[in-house]
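Convention: sequence-line order gives letters A, B, ...; per-chain numbering from 1.
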Number of protein chains: 2
Amino acid sequence: MTSGPRPVRAQQLDPIAFESHDHADCIKTAVAAAEAHCTRKGLRFTPVRRAALEILLQEHRALGAYEMLDRLRAAGFGSQPPVAYRALEFLVANGFAHKIERLNAFVACANPGASHSPAFMICRACEAVAEAQSPPSRGALGAAARATGFQIEGTMVEAVGLCPACAEKAGP
Amino acid sequence: MTSGPRPVRAQQLDPIAFESHDHADCIKTAVAAAEAHCTRKGLRFTPVRRAALEILLQEHRALGAYEMLDRLRAAGFGSQPPVAYRALEFLVANGFAHKIERLNAFVACANPGASHSPAFMICRACEAVAEAQSPPSRGALGAAARATGFQIEGTMVEAVGLCPACAEKAGP
DNA sequence: GGCCACTTGTCATAATATAACATTTCCGCT
DNA sequence: AGCGGAAATGTTATATTATGACAAGTGGCC
């Protein structure tokens with residue numbers, strides 16, 4: 001999980017998650033949305049939790065819990081694993097972040113508030129993670145579930161491959 | 001696994017993976033298939049590897065690496081983690097087993113040899129795991145990949161929920 | 001203030017996974 | 001049959017990921 005040669009460019013416009021966009025703005029928007037959601041639901045959007053979300057939003061890649069812990073510690077919060085795991089658990093439980101099982105790592109939700117059945121594309125070279133929306137209970141799996149009587153409560157879809165930037169570096 | 005509806009006898013009938021089938025037979029068949037595949041490909045189907053596959057086939061649920069290690073040790077093989085991890089790596093690499101990322105655990109392949117783009121249904125109550133075939137990257141994910149230029153190399157699909165037996169136990 | 005639920009920080013430990021290396025086994029070759 | 005190299009095995013040691021338990025702090029509410 002090296003932080004590798006990740007492209008970091010001029011202030012606000014970064015080619016991340018396979019597309020360019022205004023990063024500072026996407027952070028502000030997402031944090032504001034989370035805050036609003038917590039207010040509505042009576043949840044406590046505490047400093048650690050806000051910090052954790054901001055840290056995740058800095059990257060469009062998955063961050064391990066211990067990487068998160070390092071950054072939270074650097075920001076003056078507690079320094080033991082549960083600090084990171086609890087903040088991440090809160091973010092995941094409330095749809096502000098997702099766990100990437102394949103990487104044992106966490107990524108900010110690209111679409112908080114939207115109906116959630118996300119699918120992820122994970123670059124095996126640079127570890128960037130992009131989120132796509134996938135319709136719930138899709139094709140073959142939904143059919144198999146109905147056929148056997150299995151009740152689906154949640155589905156994980158994670159594709160591993162090469163993002164456009166890394167594909168270009170790798171081959172012709 | 002189930003190669004069609006098969007007549008079954010009382011003693012060998014186990015209600016597993018959400019369906020009844022002849023378990024002893026499904027083990028023999030799968031091991032023979034693996035052996036044949038290895039012979040064809042010049043791979044070494046060594047005793048540990050065979051034992052690991054048999055152990056996985058005993059269950060239609062995912063087994064953690066250390067659970068596997070315990071059983072391999074009991075069978076007279078080495079007693080250190082790499083023993084289990086290497087056998088499992090071999091089985092996964094050759095399509096005889098799959099890793100269930102959600103559980104950090106491994107399950108025998110229900111359909112070895114078939115074109116592989118498996119999807120799993122994981123019961124959160126009893127941890128049974130059933131494998132369905134899913135068409136490779138169709139639908140929303142494939143579309144997103146094409147749109148962004150992401151090259152999918154492999155996809156993991158895991159649904160969590162309740163198997164029929166546990167659903168019945170849980171609530172009418 | 002006193003109560004309560006929740007959150008935070010910590011220590012301790014569990015569970016999962018890999019690195020590195022000596023030894024043995026197997027296969028192809030002569 | 002004997003040799004050489006690649007692969008597999010078993011081991012020690014350690015890295016990485018994750019959780020249990022408990023004391024102390026925080027904030028809402030009567």
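Following rounding to the nearest Å, B:R49 (CZ) and C:dT25 (C1') show an atom-to-atom distance of 12 Å. Look at CG on A:D70: it is 11 Å from P on D:dT17, rounded to the nearest Å. Rounded to whole Å, atom C1' of C:dT8 lies 12 Å from atom CG of A:L72. Going from atom CG of A:L88 over to atom C1' of D:dA18 covers 12 Å, rounded to whole Å. Remark: P of C:dG28 and CZ of B:R44 are 10 Å apart, rounded to the nearest angstrom. Here D:dT9 presents its P atom at 14 Å from CE of B:M68, a figure rounded to the nearest Å. Per the geometry, CD belonging to B:E89 stands 12 Å off C1' belonging to D:dA8, to the nearest Å. The CZ-P distance, from A:F90 to C:dG9, rounds to 15 Å in whole Å.
In this structure, B:Q151 CD and B:R146 CZ are separated by 13.0 Å, a value rounded to the nearest 0.5 Å.
For the pair B:T46 and D:dT9, the criterion of a side-chain N or O lying under 4.0 Å from OP1 or OP2 is met.
Contact check on B:R71 versus B:E59 returns a salt bridge, with a Lys/Arg side-chain nitrogen under 4.0 Å from an Asp/Glu carboxylate oxygen.
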What does the list of N/O pairs under 3.5 Å between the protein and nucleotides 11-18 of chain C look like, with a distance for each?
from	atom 1	to	atom 2	distance (Å)
C:dA17	OP1	B:K99	NZ	2.8
C:dA17	OP2	B:Y85	OH	3.1
C:dA17	O5'	B:Y85	OH	3.3
C:dA17	N7	B:Y66	OH	2.5
C:dA17	N6	B:Y66	OH	3.3

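Cation-pi check for B:R49 over B:F90 is met; the charged atom lies under 6.0 angstrom from the ring centroid and within 45 degrees of its normal.
In this structure, A:F45 has its ring center at least 6.0 angstrom away from the ring center of A:H37.
The side chain of B:R86 approaches D:dT11 more closely than any other nucleotide in the set D:dT11, C:dT8, D:dA8.
Looking only at distances, no side-chain donor or acceptor of A:R61 sits under 3.5 Å from a matching main-chain atom of A:A128.
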| field | Working for salt bridge (Lys or Arg N to Asp or Glu O under 4.0 Å), residues A:K28 and A:D25 | value | CA-CA 5 Å; A:K28 271 200 302 197; A:D25 182 63; 5.5 Å; no
